[in-house]
Amino acid sequence: MRIAAIDIGSNAARLLINEVTEPKKGKPQFTKLNLLRIPLRLGMDVFTTGKIGTEREKMITDSMKIFSDLMKIYKVEHFRACATSAMRDAKNGPEIIKKVQESSGISIEIISGDEEAGLVFENHVADSLDKSCAYLYIDVGGGSTELMFYENGKMAYEKSFNIGTIRLLNGLVTDDLWKQMKEEIRKNINSTKPIVGIGSGGNINKIFSMSKTKDGKPMSSAFLKKYYKEMKELSVAERMSKFSLREDRADVLVPALEIYNNVMSWSEIEKIFVPKISVADGLVHSIYENLQKK
């Protein structure tokens, strides 16, 4: 069975195509056939003007045509397309969704921050980790940050905050927003067990790759602070040169690290696992599980 997920975020749109095989014994196997990322940067328009501009509107419709063609080539049987923070805030979001449907046949759903958080949780990474710890999923996007606190085998708390890398780049995250996040974390994310982070999203995946940390091993909070301090002093061009980064990654890494460092500090997390999961992965798992229920 082939399942695809389309995640239209504030920074980029992703198409993930998975082959799902069902062995006679054991859990289903999810094999990635293709992952295509297009840096649409919808948040650059939406968070400053309230709507998606003409140029980026064309980028969305063109990208969805490509995604539609790729799904046909791969013979995808089931898919779901979801849009998050930027499309939630865009005044012309419904109008663009209608145009995408007409031009590519792809129906885009605008999902809430809570559902976005739930999709990251669909990967169930904490299920296979040390039960003597509590876990905080931290998903940092361009428009929002989703937190999901997992303790004693269940979700204990989830919250979406309008604090994201594109908003930070545009100076749109106020002191009050940071204060609200800090107070929420201090109030709701605490445990008698040590709390460990689980990071998701393109930025933490990139930092993990750059760190040369072995798969399955965590990064320390001290390491993330060191990277933040070093990168903050460099221009975008210098980061691109020193760390071999694309421009659309080099500019958002520093605000992403700022978010991770604040969240980990306020929740007293000293290490973070990076299993390379995403909203798109969660979407694929969600589609599969819903099909099994039918």
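Just so you know, these numbers use all the heavy atoms, side chains as well, and skip hydrogens, waters and symmetry mates.
- Taking every heavy atom of both residues into account, Ala86 and Gly43 meet most closely at CB-N, 3.9 Å.
- Heavy-atom minimum distance, Leu15 versus Ala4: CD1-CB, 4.1 Å.
- In this structure, Arg2 does not pair ionically with Glu77, as no charged nitrogen and carboxylate oxygen lie closer than 4.0 Å.
- Side chains of Ser85 and Arg167: a donor-acceptor N/O pair is present below 3.5 angstrom, by distance only.
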Item to complete: For the pair Asp251 and Arg41, evaluate salt bridge (Lys or Arg N to Asp or Glu O under 4.0 Å) and give the outcome as yes or no after the intermediate values.
Response: CA-CA 12 Å; Asp251 61 351; Arg41 310 221 116 182; 2.6 Å; yes
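- Remark: Phe79 engages no residue in a ring-ring contact (aromatic ring centres under 6.0 Å, His included) (not counting sequence neighbours).
- Tracing side-chain contacts under 4.5 Å through hydrophobic residues (I, L, V, M, F, W, Y), one reaches Ile38 starting from Met44; they form part of the same cluster.
- Side-chain N/O atoms of Glu184 and Tyr157 include a donor and acceptor closer than 3.5 Å.
- Defined by atom type and a distance below 3.5 Å, a donor-acceptor pair is present between the side-chain atoms of Glu151 and Ser191.
- Minimum interatomic distance between Ile108 and Ile97 (heavy atoms only, all atoms of both residues): O-CG2, 3.7 Å.
- The shortest heavy-atom contact between Met219 and Ile204 is CE-CD1, 4.0 Å.
- For Thr145 (side chain) and Ile163 (main-chain N/O), a donor-acceptor pair under 3.5 Å exists by modelled atom type.
- Across all non-hydrogen atoms, the minimal contact from Ile189 to Ser267 is CG2-CB, 4.0 Å.
- Annotation: salt bridge (charged side-chain N to carboxylate O under 4.0 Å, His left out) contacts of Arg239 (sequence neighbours excluded): none.
- The list of ring-ring contact (aromatic ring centres under 6.0 Å, His included) pairs with a residue in residues 23-42, not counting sequence neighbours, reads Phe30-His285, Phe30-Tyr288.
- In the hydrophobic clustering, where aliphatic and aromatic side chains (Ile, Leu, Val, Met, Phe, Trp, Tyr) are joined below 4.5 Å either directly or transitively, Met240 groups with Val236.
- Among residues at least two apart or in separate chains, there is no ring-ring contact (aromatic ring centres under 6.0 Å, His included) pair with a member in residues 40-60.
- Side-chain contact, Glu146 with Ser160: a donor N or O sits under 3.5 Å from an acceptor N or O.
- When all heavy atoms of Ile198 and Ile272 are compared, the pair lying nearest together is N-CG1, 3.9 Å.
- In this structure, a donor-acceptor pair under 3.5 Å is absent between the side chains of Thr48 and Asn170.
- Each of Leu40 and Val279 belongs to its own hydrophobic cluster when Ile, Leu, Val, Met, Phe, Trp and Tyr are linked at side-chain heavy-atom distances under 4.5 angstrom.
- For Lys242, the side chain to side chain donor-acceptor pair (under 3.5 Å) partners two or more places apart in sequence, or in a different chain, are Glu230.
- When only modelled atom types and interatomic distance are considered, Asn152 and Lys131 share no side-chain donor-acceptor pair under 3.5 Å.
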